[in-house]
Amino acid sequence: MDNESLYIYGATLMMVIGTFSCRELPLLLLRGRKLPDWFNIWLKYIPTAIFGALIFPDIFLKDNALNFSLQNYGLWATVCAFPIVYKTQSLPVALVAGTVFFCIFKYVI
């Protein structure tokens, strides 16, 4: 095995250990304990916050500047999907509706 392959395998193994420990340690430390109600309420907002942090730059920015042009298909798909997402309050529905509207704007219109 050459040095490059050894480096790739080692880096992959370190990433697996790092990712696994970040996910498993809190579960091990909090096992059997009752969490406060305020903390459980706070935890419900984490998926939405992460989803927003991941998609907002793609929707609103192009070349590090705000983009509200007609060619910004992500923005218009978001605007069209918003009523559906607001009514259902579902992250999977948000993903599907946004993707469908984006495809319509990009490939049909």
F68 CZ: over 12 foreign heavy atoms closer than 6.0 Å: yes

Between L13 and Y7, is there a shared hydrophobic cluster once you connect ILVMFWY residues whose side-chain heavy atoms come closer than 4.5 Å? no

Hydrophobic clusters here meaning ILVMFWY residues chained together by side-chain heavy-atom distances under 4.5 Å, can you tell me if W42 and I50 are in one? yes

Is the centre of the W76 ring less than 6.0 Å from the centre of the Y73 ring? no

Tell me whether F82 is reachable from F101 by hopping between hydrophobic residues (I, L, V, M, F, W, Y) whose side-chain heavy atoms are closer than 4.5 Å. no

Give a yes or no on this: more than 12 heavy atoms of other residues, nucleotides or ligands lie within 6.0 Å of atom CG of N40. yes

At what distance, to the nearest 0.5 angstrom, does CG of L70 lie from CG of N67? 10.0 Å

If hydrophobic clusters are built from ILVMFWY residues whose side chains come within less than 4.5 Å, do L66 and I55 share one? yes

Distance from L75 atom CG to L61 atom CG, nearest 0.5 Å? 11.0 Å

Looking only at heavy atoms, which two atoms of S21 and P26 are closest? And how far apart? O-CD, 4.1 Å

Report the C-alpha separation of F51 and L95 in whole Å, then their side-chain angles, then the decisive distance to 0.1 Å, and conclude whether the side chain to side chain contact (heavy atoms under 4.5 Å, CB included) test is met. CA-CA 10 Å; F51 181 64; L95 292 171; 3.2 Å; yes

Minimum-distance pair of heavy atoms, taken over all atoms of K34 and D37: NZ-OD1, 4.1 Å

Heavy-atom count check: over 12 atoms from other residues, nucleotides or ligands less than 6.0 Å from D2 CG? yes

What's the verdict on side chain to side chain contact (heavy atoms under 4.5 Å, CB included) for T99 and V96, showing C-alpha distance, side-chain angles and the deciding distance? CA-CA 5 Å; T99 303; V96 171; 5.9 Å; no

Atom pair CG (L29) and CD (E24), whose distance is rounded to the nearest 0.5 Å: 10.0 Å

Decide side chain to side chain contact (heavy atoms under 4.5 Å, CB included) for Q89 and Y86; before the verdict, give the C-alpha distance in whole Å, the side-chain angles of both, and the deciding distance to 0.1 Å. CA-CA 5 Å; Q89 300 286 308; Y86 184 76; 4.0 Å; yes

Rounded at 0.5 Å granularity, tell me how far CG in L6 sits from CD in E4. 11.0 Å

Shortest non-hydrogen pair, F105 vs C80, comes out as CZ-SG, 3.6 Å

Distance-minimising heavy-atom pair for G98 and A81: N-CB, 3.9 Å

Hey, any chance Y9 and M15 share a hydrophobic cluster, counting ILVMFWY side chains that come within less than 4.5 Å of each other, even indirectly? no

Report yes or no: does T19 contribute a side-chain atom to a donor-acceptor pair with the main-chain N or O of V16 at less than 3.5 Å? no

Got a second to check how far L30's CG is from F39's CZ, nearest 0.5 Å? 7.0 Å

Report the distance from atom OH of Y45 to atom OG1 of T48, rounding to the nearest 0.5 Å. 8.5 Å

